[in-house]
Amino acid sequence: MRVLVLNGPNLGSLGRREPEVYGSRTLADLESMLAARAAELGIQLHCLQSNHEGQLIDWIEREVVGTDAIIINPGALSHTSLALADALRGSGKPVIEVHISNVFAREPERRQMVTAAAAKAVISGLGFDGYLAALNFVTTLRA
Ligand code: DQA
């Protein structure tokens, strides 16, 4: 099973960015934690991060062949991007959207969830463990 993990805008700054909200671990820490768990689960993992909406859409379009599921944290694009939602929906793959923070307990504008409408499930507020939960879940989709 092959899983694509996408992180959107500003998630490359994890560790430095608002540590009181997102913690002190970096994107590299997150990706190595996921790689270790994926190895245990027998999942082939492909992790990518971009600050650009179009780049994320290009990757979804390009990488979707041979991918069984997508785990994505779209960052702030979650609240605005119909284009990203369309790409996720158009992939035809099960999508799990992850947020490190509990977006529902933050500013009201973060409660608008645009890309979540294209997801099978949304995990919000579990910190980095949300990605692990998503990874564990996608194994249940294995043919
Ligand atoms: C986030 C929540 C978004 O509202 C925010 O714009 C982010 C990170 C999260 O992981 O909690 O960039 O997606």
Side-chain angles (χ1 to χ4, degrees), residues 1-41 43-64 66-142:
M1 170 176 227
R2 185 175 183 273
V3 176
L4 182 61
V5 177
L6 293 176
N7 279 293
N10 299 308
L11 293 161
S13 306
L14 285 173
R16 294 190 307 277
R17 174 192 182 200
E18 298 179 87
E20 66 289 358
V21 178
Y22 301 111
S24 55
R25 287 179 294 169
T26 65
L27 180 65
D29 293 335
L30 172 66
E31 291 182 349
S32 57
M33 177 186 87
L34 292 177
R37 182 64 183 141
E40 286 169 7
L41 294 169
I43 290 176
Q44 196 192 328
L45 206 63
H46 193 34
C47 296
L48 297 165
Q49 187 273 330
S50 177
N51 293 328
H52 305 281
E53 181 182 37
Q55 176 66 86
L56 293 164
I57 293 168
D58 283 348
W59 280 333
I60 292 166
E61 207 174 80
R62 229 178 279 153
E63 301 280 332
V64 78
T67 289
D68 299 296
I70 300 172
I71 296 172
I72 184 166
N73 182 346
L77 293 173
S78 316
H79 314 301
T80 58
S81 180
L82 203 51
L84 187 54
D86 283 348
L88 291 168
R89 206 176 281 112
S91 76
K93 303 295 172 180
V95 173
I96 314 299
E97 180 167 313
V98 175
H99 296 282
I100 296 166
S101 64
N102 177 359
V103 290
F104 300 100
R106 299 181 63 190
E107 305 95 309
E109 52 272 29
R110 288 185 207 274
R111 283 180 217 142
Q112 172 171 296
M113 302 294 273
V114 176
T115 54
K120 185 175 180 63
V122 179
I123 300 168
S124 185
L126 294 184
F128 281 17
D129 285 352
Y131 294 83
L132 284 178
L135 203 54
N136 288 335
F137 173 74
V138 296
T139 62
T140 68
L141 304 172
R142 255 197 276 239

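Both counts, for ligands and for their atoms, begin at 1 and track the order of listing. A quick note: this is a predicted structure, and the numbers were derived from the prediction, not measured.
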Ligand 1 contact on [X] by region, counting heavy-atom pairs under 4.0 Å:
X: R17; answer: side chain
X: N73; answer: side chain
X: H99; answer: both

Establish, from distance only, whether the side-chain atoms of [X] and [Y] form a donor-acceptor pair under 3.5 Å.
X: H99; Y: E97; result: yes
X: Y22; Y: N10; result: no
X: N51; Y: E53; result: no

Identity and separation of the nearest protein heavy atom to [atom]:
atom: atom 5 (C) of ligand 1; value: R110 NH1, 3.3 Å
atom: atom 11 (O) of ligand 1; value: S101 OG, 2.6 Å
atom: atom 8 (C) of ligand 1; value: Y22 OH, 3.4 Å

**Request:** Check whether any N or O atom of S78, backbone or side chain, sits under 3.5 Å from an N or O atom of ligand 1, and answer yes or no.
**Result:**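 No.
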**Message:** With nothing but distance in play, are any N or O atoms of I100 less than 3.5 Å from an N or O of ligand 1?
**Reply:**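 Min N/O separation from ligand 1 is below 3.5 Å for I100.
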**Asked** Below 4.0 angstrom, N of the basic side chain to O of the carboxylate: do R2 and E63 qualify?
**Response**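 Salt bridge present between R2 and E63.
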Gap separating the [atom1] atom of [X] from the [atom2] atom of [Y], nearest 0.5 angstrom:
X: M1; Y: D68; atom1: CE; atom2: CG; result: 5.0 Å
X: R17; Y: T26; atom1: CZ; atom2: OG1; result: 14.0 Å
X: I43; Y: N136; atom1: CD1; atom2: CG; result: 8.0 Å

**Prompt:** Of all the atoms in ligand 1, which lie at a distance below 4.0 Å from a heavy atom belonging to H79?
**Reply:**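 Close to H79: 3 (C), 4 (O).
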**Message:** Show the atoms of ligand 1 that are less than 4.0 angstrom away from any heavy atom in V103.
**Reply:**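 Contacts of ligand 1 toward V103, numbered from 1: 2 (C), 4 (O).
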